[in-house]
Structure formats: C-alpha cells, structure tokens
2 protein chains.
Amino acid sequence: MLSRKAQYAFRALTHLVEKYDQGPVLISEISKKKKIPLKFLENILLELKKAGILESKKGKGGGYYIKNHPSKTHMANVIRIVDGPIAMLPCVSLYFYERCKNCNEEYCALHDTMILVRDATLGILEHRTLQDLTN
Amino acid sequence: MLSRKAQYAFRALTHLVEKYDQGPVLISEISKKKKIPLKFLENILLELKKAGILESKKGKGGGYYIKNHPSKTHMANVIRIVDGPIAMLPCVSLYFYERCKNCNEEYCALHDTMILVRDATLGILEHRTLQDLTN
DNA sequence: CAATACCCTACCAAGTAGGTGGACTTCATT
DNA sequence: AATGAAGTCCACCTACTTGGTAGGGTATTG
C-alpha cells in the first residue's frame, strides 16, 4: 500500500499540474484546496523539490511549481521518492536492491514470481506521468 | 514491499510444502532449517492456521502441516493474511476496500492507474500457488 | 509424564503522521 | 536604501502504530 504521504504527494502534484506554467503556487493554497495538513505538506513538497521534480521560489510571490513538463515525470518516480522501493522484495528491486538474508540466492522460489510482479507494475507506473493525473 | 513477516511466512510454507503428506512438522524444525526466529514463527504459523491454510496437531508427535493440496492455495492469499491489502490504495482493494477521504470518488486520477496495477499484480499472484514455491 | 501447540504480556526499535517555532529570502512600498 | 510582510526552509518534537523479540504459562495429546 502507498503511504498516506505518497497519496498526499499525488494529490498535491495534481493541483500543481493544473496550475502548470502559471507561476509559483502557495503551499497554503494546495493545503486548502486538497485538504492536506499544511506542515506535513511542506515536508513533502520540499522532498519532491530536493529530488528534482519541483522547483520553488522563496519570499513574496513565491511558492512551488513543477520543474519539467508534466509528461516528463513518471508516477514510479514519485513513489520511489516518497515511499521507497516499488518491488515487493528488496532482492528484486531495481533502485533499492539488497541481498535477501538467509535465502539461497541460487533459487529463491519467490524471487521469480516477484520479478514478474515488479515488471508488470513498472510496465504501468513507468509509462504513466504526472500529466495523466488530470483529465 | 512485503513485510519481513510475510517473507518468513513464505519461507516456512516452502518447507511445509516439501514435507507435504509426511505428517506434522515441528515449529522448531522449521525455525532451524529456515533460520526464522522461533517465537515469531509461532505467531505466523498460528495466523496461517486460523486463516485456514495450515492444520496443526498438539502434543507429542504434533506440529504443523498444510491443510489442502499446495496447488490449492494461492500466493495472493498468503500475502493478504499476513500483510493485508495487495493493492496500492484502499479504494482499489478488492478485499480491504475503503473509500478514499477527500478524494472526489467521481474521478480520482490515481484510481484508474492503480486498478491497472492491481489487476496486473493479481494476475500473477492469483495464479501462483504454494506448489510453485518448490522446484 | 513429557512433548508440543497455544496464548498472553511486556518490551524495544523503527517508521508514520503531524506539529512548533523560528531562521532565512524575496519583493513591494515608502 | 530601509522596512516589513509574505513566503520557503529547517531542525526538532510528540504521539501513535508496526515489526520484531523474549519469557512464561496453559491445554492437549501420546
């Protein structure tokens, strides 16, 4: 399951896509419109900025906005930033790989199945972008 | 990601599949062979029993064993018992459905994508069974 | 009686969801 | 050029839940 944080992230991004190319959007505006706790949202947006998805402008007239064209950022990307691995096991994760402990790497029964699941999932999430978030 | 608990569950089940039709298997034996913390394993097996996947026998000569033929229990089943929802959002979960808060049910952008992900995932996990856990 | 599943409680570490307060930056106004 | 309001940025902090560990006691079976 996606964490609540990730769900907030997507809701916030949806709003920013709608306001794309219209200048910086206030955190407080997003918070109000999308009913996301203000301070929590603050952290989420900052994280997305540090990861290169958003840009921000400080001071008066400042706010957050999407860095690249919405069609350039994939949903999989957002999930990885906020929630971490998409795969069901560390040993089949592309971006967060870790050896399974006490599991003979030779032939882990789950391994093969989970690679299938991963590929099926990514096949979708790597092709959907922020642009798809709006109608 | 699957919890460690779920991973243990699959490892334990793998062992039980190998010993299928050979009578009850001791918790301690599974714990040793698969290197799973004994007391933690105890809880996992009990949970799987209550969910109808395993059977147990108390007293001397007792232990745990798989209830139905391994080909009858799907991996999706095990995950749902141990970890809960497989879907990425409650609002697209088949077995653990919940309305999303503050998300216009009419058209949630994520919704559609996550239904695709869910179906792709289940397409695999609903067809793989315990039997597939062994070579 | 001994072996074994079953069950209960307590505990610690880590992660999640969110809040507080304040420092820093920018811009418009004067 | 100084000021002050409007913003982001940032370092903690609290409360709650989850994951995992550990010990000991009870019920049941051979």
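Quick note on labels: first sequence line is chain A, next is B, and so on, each numbered from 1. In this text the structure is predicted, and so the values were computed from the model without any measurement. Reckoned from all heavy atoms, side chains included, excluding hydrogens, waters and symmetry mates.
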**Student:** Quickly work out the B:Lys58 NZ to D:dT26 C1' distance and round it to whole Å.
**Tutor:**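 Whole-Å distance recorded here is 9 Å.
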**Student:** Without decimals, in angstroms, what is the distance between B:Lys5 NZ and D:dG20 P?
**Tutor:**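 Answer to the nearest Å: 9 Å.
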**Student:** Provide, to the nearest angstrom, the distance between the CZ atom belonging to B:Arg4 and the C1' atom belonging to C:dA13.
**Tutor:**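 Between C1' of C:dA13 and CZ of B:Arg4: 13 Å.
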**Student:** Contact list please: residues 44-56 of chain B against DNA chain C, heavy atoms, distance less than 4.0 Å, in numerical order.
**Tutor:**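 When residues 44-56 of chain B is checked for heavy atoms under 4.0 Å from DNA chain C, the hits, listed by number, are B:Leu46, B:Lys49, B:Lys50, B:Ser56.
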**Student:** Return the value, rounded to whole Å, for the distance between atom CZ of A:Phe40 and atom P of C:dT20.
**Tutor:** 15 Å
**Student:** Categorize A:Leu26 for me: base, sugar-phosphate, or nothing, with a 4.0 angstrom heavy-atom threshold over every strand shown.
**Tutor:** sugar-phosphate
**Student:** Taking for each residue the nucleotide of DNA chain D with the nearest heavy atom, is it A:Ile27 or B:Asn43 whose nucleotide lies nearer the 5' end?
**Tutor:**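 Taking each residue's closest nucleotide, the earlier one in sequence belongs to A:Ile27.
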**Student:** Without decimals, in angstroms, what is the distance between B:Asp83 CG and D:dG19 P?
**Tutor:** 7 Å
**Student:** Hey, is A:Arg11 close enough to A:Glu18 for a salt bridge, meaning N to O under 4.0 Å?
**Tutor:**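 Salt bridge absent between A:Arg11 and A:Glu18.
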**Student:** Take A:Gly59 and B:Gly63, find for each the nucleotide of DNA chain C with the closest heavy atom, and name the residue whose nucleotide sits nearer the 5' end.
**Tutor:**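 Closest to the 5' end, via its nearest nucleotide, is B:Gly63.
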**Student:** Calculate the interatomic distance between B:Tyr8 atom OH and D:dG20 atom P; express it in whole Å.
**Tutor:**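 In whole Å, D:dG20 P lies 7 Å from B:Tyr8 OH.
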**Student:** Within the side chain of A:Arg118, is there an N or O that forms a donor-acceptor pair under 3.5 Å with the backbone of A:Val92?
**Tutor:**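 Answer holds: yes.
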**Student:** Hey, does the side chain of B:Thr14 reach the backbone of B:Leu133 with a donor-acceptor pair shorter than 3.5 angstrom?
**Tutor:**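 No.
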**Student:** Within this structure, what is the CG-to-C1' distance between B:Leu41 and C:dT4, rounded to whole angstrom?
**Tutor:** 14 Å
**Student:** Please figure out whether A:Glu42 or A:Leu2 has its closest DNA chain C nucleotide nearer the 5' end.
**Tutor:**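 Nearest nucleotide further toward 5': that of A:Leu2.
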**Student:** Any chain of hydrophobic side-chain contacts (each under 4.5 Å) joining B:Ile79 to B:Met1?
**Tutor:**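 No; tracing contacts between hydrophobic side chains, which count when under 4.5 Å, never links both residues.
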**Student:** When you look at A:Lys49 and A:Glu42, which way does the salt bridge (Lys or Arg N to Asp or Glu O under 4.0 Å) test go after all the steps?
**Tutor:** CA-CA 11 Å; A:Lys49 182 203 164 183; A:Glu42 205 181 290; over 6 Å; no
**Student:** Just N and O in the side chain of B:Lys57: are any of them under 4.0 Å from OP1 or OP2 of C:dA3?
**Tutor:**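 For C:dA3, OP1/OP2 do not have a side-chain N/O of B:Lys57 under 4.0 Å.
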**Student:** Answer yes if the ring centres of B:Tyr8 and B:Phe40 are under 6.0 angstrom apart, and no otherwise.
**Tutor:** yes
**Student:** Round to the nearest Å and state the distance from A:Lys39 atom NZ to D:dA11 atom P.
**Tutor:** 13 Å
**Student:** Mind checking whether B:Leu116 and B:Met114 sit in one hydrophobic cluster, side chains of I, L, V, M, F, W, Y counted as touching below 4.5 Å?
**Tutor:**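 Linked, B:Leu116 and B:Met114 end up in one cluster.
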